[in-house]
A.B. asks: 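First, the structure itself, so that you have it in front of you.
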Amino acid sequence: MKPNDLSIYSFVGWIGKVLAILIVAAFIADCSSKKDIYYCPMHPHYTSDRPGNCPICNMDLVKKEDPSEHKDHTNANNSLQAAEFTKNEEHSSHSSGTSSEKNSQELILSFEKQQSIGIKTELVSRRNLTKKISAYSSVAYDPELYSALSEYKEAVRSSEFLSPEIIRNLQLRLRQLGLSPDQIRVWTSGARDPSELILGGKSGRAHIYSQIYESDFTTAKVGLPIKFKTDVYPEKEFIGKIKSIDVILDKNNRTLRLRSEVSDPGQLLKPQMFGDSIIEVSLPKILSVPTSAILDTGKQKIAYVQTAPDRFQAVSVQTGKNIEPWVEILSGLKEEQRVVTESTFLIDSEAKIRFGSDSSHVH
């Protein structure tokens, strides 16, 4: 072989080595450019290229995942969760087929990610619930109602000398003060002495006035049992029933007055004694979820439904009675669906990061 040929081969070999070095360097640069991004679940706008704590709230930063890089996991614990979810899905009444738009808004979270942010779920189901209403109360001292009852009784006795319109007006006044027609008959028939409203109860009974808020209007009903307690007799509990409910709301504190009769054989309760009343209402077969499952955005209420072991979908819901720790569901959810009950705010923040600030809030 000639010396010139050797030089050519040496040059070609040198060029090959240079190209190999350049390719490796480019690969390393490309890999280094793909840095992990970490964010604060409470403050999604803060991001970092390394793990650490949020400077605003000191919460641990969470790695932001690319949905395209999501992989399935097949360990035993995950298999059990998937099997349970599939079983529940067979009993639910989801509509067949979902639109591509809905699927595009499904949030994909690996099982590791769910564990890291503390996601827990609960089934939507019908439960037998008991709502307890605590009401500020006092022993009745009502000279206004006493005067109205006395005037009405006198008018009825003198009805032959009075026009029917006067009696109707007096009766209307009693209705305005909160007595039902049945209660008017009781108080004016002699079964109750109007003086009990200013001097205290008689015949082993006492009259209790309680104030309930607007949110409890639809729950409190005439005839429900009531328990009255006062600090004067902390060991005693006076039990009775609601007898009537006022028809006019107090415009200042937005409350409505309940009138109850409780058993007081020793005539211990005196007019204007203060205390608290407890009203328990049984609500059977209420479609409900934990209150922590509902996220109030200000414009609407949403819940996150688990559509698959690693997928979550935001749905708009309408709620009814709040029966701690449960809330009644009027629409938006169905039995046997599974909803997120813990870390709801964090999963909502994750959805905002991936889909935008408004995309997770369905309308």
Side-chain angles (χ1 to χ4, degrees), residues 130-159 167 170-213 216-250 253 255-283:
T130 300
K131 182 176 178 64
K132 291 186 178 181
I133 302 173
S134 180
Y136 176 75
S137 306
S138 63
V139 181
Y141 176 72
D142 195 345
E144 183 179 12
L145 181 57
Y146 166 76
S147 297
L149 283 168
S150 299
E151 290 177 14
Y152 180 74
K153 289 179 67 175
E154 186 62 31
V156 170
R157 282 195 293 267
S158 307
S159 59
I167 295 178
L170 291 172
Q171 190 176 46
L172 181 62
R173 174 61 175 161
L174 294 175
R175 294 295 308 277
Q176 185 183 19
L177 291 173
L179 296 186
S180 66
D182 287 340
Q183 281 292 296
I184 293 174
R185 283 192 291 271
V186 169
W187 279 102
T188 57
S189 65
R192 297 289 185 276
D193 183 352
S195 66
E196 295 180 30
L197 295 170
I198 55 175
L199 299 178
K202 296 180 179 179
S203 303
R205 62 176 172 265
H207 303 278
I208 305 297
Y209 284 6
S210 307
Q211 304 290 333
I212 61 170
Y213 291 101
D216 297 321
F217 287 176
T218 58
T219 304
K221 307 290 183 184
V222 172
L224 287 176
I226 188 172
K227 299 175 183 177
F228 176 75
K229 295 195 71 174
T230 176
D231 291 340
V232 180
Y233 307 108
E235 75 286 354
K236 291 186 176 294
E237 192 172 66
F238 301 88
I239 300 185
K241 289 184 178 182
I242 299 174
K243 292 298 184 179
S244 65
I245 302 177
D246 282 9
V247 295
I248 300 175
L249 189 71
D250 187 318
N253 52 27
T255 59
L256 199 65
R257 182 168 57 182
L258 308 181
R259 303 171 191 267
S260 308
E261 286 184 10
V262 298
S263 176
D264 181 20
Q267 301 300 145
L268 300 175
L269 299 176
K270 308 302 180 185
Q272 293 191 325
M273 271 187 180
F274 296 114
D276 292 294
S277 295
I278 299 295
I279 305 166
E280 294 186 355
V281 185
S282 297
L283 303 171

A.B. asks: Within the supplied structure, the quantity of interest is the number of heavy atoms (other residues, nucleotides, ligands) at a distance under 6.0 Å from N253 CG; does it exceed 12?
C.D. replies: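 Yes, because the 6.0 Å sphere around CG of N253 holds more than 12 heavy atoms from other groups.
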A.B. asks: Taking Y152 for its side chain and L174 for its backbone only, find out whether a donor-acceptor pair lies under 3.5 Å.
C.D. replies: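 Pair absent, no side-chain N/O of Y152 close to backbone of L174.
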A.B. asks: Can you tell if the side chain of R259 reaches within under 4.5 Å of the side chain of Q183, non-hydrogen atoms only?
C.D. replies: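 No, their side chains stay 4.5 Å or more apart.
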A.B. asks: Is it the case that the side chains of D182 and S180 hold a donor-acceptor pair, with the cut-off being a distance below 3.5 Å and no angle test?
C.D. replies: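 The criterion, which ignores hydrogens and geometry beyond distance, is not satisfied for D182 and S180.
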A.B. asks: More than 12 heavy atoms of other residues, nucleotides or ligands under 6.0 Å from OH of Y213: yes or no?
C.D. replies: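 Check fails, neighbour count at 12 or below.
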A.B. asks: Please give me the minimum heavy-atom distance between I167 and S159, naming the atom from each residue.
C.D. replies: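 Taking I167 first and S159 second, the nearest heavy atoms are CD1-CB, 3.5 Å.
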A.B. asks: Should R175 and I184 count as side-chain neighbours, where that means a heavy-atom distance under 4.5 Å?
C.D. replies: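 They are in side-chain contact.
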A.B. asks: Measure across D246 and G178 and return the closest heavy-atom pair with its distance rounded to 0.1 Å.
C.D. replies: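 That would be OD1-CA, 3.3 Å.
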A.B. asks: Sort out for me which residue in Y141, W187, F228 forms a ring-ring contact (aromatic ring centres under 6.0 Å, His included) with H207.
C.D. replies: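 Of all the options given, the one that passes is W187.
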A.B. asks: Would you mind reporting whether S244 and L179 have side-chain heavy atoms less than 4.5 Å apart?
C.D. replies: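 Sidechains of S244 and L179: in contact.
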A.B. asks: Out of curiosity, M273 CE to D231 CG, how far, rounded to the nearest 0.5 Å?
C.D. replies: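 One gets 11.0 Å once the value is rounded to the nearest 0.5 Å.
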A.B. asks: Going from CD1 on I278 to NZ on K132, what distance comes out if it is rounded to the nearest 0.5 angstrom?
C.D. replies: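 The distance works out to 7.5 Å.
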A.B. asks: Does OH in Y146 sit with more than 12 non-hydrogen atoms of other residues, nucleotides or ligands closer than 6.0 Å?
C.D. replies: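 Count not over threshold, so no.
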A.B. asks: Is the closest side-chain heavy-atom distance between V156 and T188 below 4.5 Å?
C.D. replies: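 Not touching, per the 4.5 Å side-chain cut-off.
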A.B. asks: What are the two closest non-hydrogen atoms of A220 and I245, and how far apart are they?
C.D. replies: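 Result for this residue pair: O-CD1, 3.8 Å.
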A.B. asks: Between Q211 (side chain) and A135 (backbone), is there a donor-acceptor pair under 3.5 Å?
C.D. replies: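 No; judged by distance alone, with no hydrogens or angles, the pair does not exist.
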A.B. asks: Tell me the closest heavy-atom pair linking V222 and K243, and the distance in Å.
C.D. replies: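 Taking V222 first and K243 second, the nearest heavy atoms are CG1-O, 3.5 Å.
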A.B. asks: Do V281 and T130 make a side-chain contact, defined as non-hydrogen atoms from C-beta onward lying under 4.5 Å apart?
C.D. replies: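 No - every pair of side-chain heavy atoms lies 4.5 Å or more apart.
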A.B. asks: Tell me whether R173 is salt-bridged to E151, with the criterion being a basic N under 4.0 Å from an acidic carboxylate O.
C.D. replies: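 So R173 does not pair with E151 through a salt bridge.
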A.B. asks: Heavy-atom distance under 4.5 Å between the side chains of K270 and V139, does that happen here?
C.D. replies: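 No, their side chains stay 4.5 Å or more apart.
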A.B. asks: Please step through side chain to side chain contact (heavy atoms under 4.5 Å, CB included) for the pair E196 and E261, ending with a clear verdict.
C.D. replies: CA-CA 11 Å; E196 295 180 30; E261 286 184 10; over 6 Å; no
A.B. asks: If you measure from NZ on K202 to CD on Q267, what distance do you get to the nearest 0.5 Å?
C.D. replies: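 Between atom NZ of K202 and atom CD of Q267 there are 10.0 Å.
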A.B. asks: To the nearest 0.5 angstrom, please state how far the CZ atom of F274 sits from the OG atom of S138.
C.D. replies: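 Reported value, rounded in 0.5 Å steps: 6.0 Å.
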A.B. asks: About how many Å separate NZ of K241 and OG of S260, when rounded to the nearest 0.5 Å?
C.D. replies: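 Nearest 0.5 Å value for the OG-NZ distance: 11.5 Å.
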A.B. asks: Is the closest side-chain heavy-atom distance between R257 and D142 below 4.5 Å?
C.D. replies: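 The answer is yes, as the side chains (C-beta and beyond) meet within the 4.5 Å cut-off.
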A.B. asks: Show the numbers, then the answer: is there a side chain to side chain contact (heavy atoms under 4.5 Å, CB included) between L269 and V262?
C.D. replies: CA-CA 10 Å; L269 299 176; V262 298; 4.1 Å; yes
A.B. asks: Would you check if the side chain of D264 reaches a backbone N or O of A206 as a donor-acceptor pair within less than 3.5 Å?
C.D. replies: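 It does not hold such a pair.
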A.B. asks: With rounding to the nearest 0.5 angstrom, report the CD1 to CD1 distance, I226 to I208.
C.D. replies: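 Those atoms lie 7.5 Å apart.
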A.B. asks: Looking only at heavy atoms, what is the nearest atom pair of D276 and S137, with distance?
C.D. replies: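 Looking at all heavy atoms of both residues, the shortest contact is C-OG, 4.2 Å.
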A.B. asks: Mind checking whether K236 and T230 have side chains closer than 4.5 Å, heavy atoms only?
C.D. replies: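 SC-SC contact between K236 and T230 ruled out.
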A.B. asks: Looking only at heavy atoms, which two atoms of L249 and T255 are closest? And how far apart?
C.D. replies: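 Taking every non-hydrogen atom into account, CD1-O, 3.2 Å.
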A.B. asks: Taking only Lys NZ, Arg NE, NH1 and NH2, and the carboxylate oxygens of Asp or Glu, determine whether K229 and E237 approach each other closer than 4.0 Å.
C.D. replies: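 Salt bridge: no.
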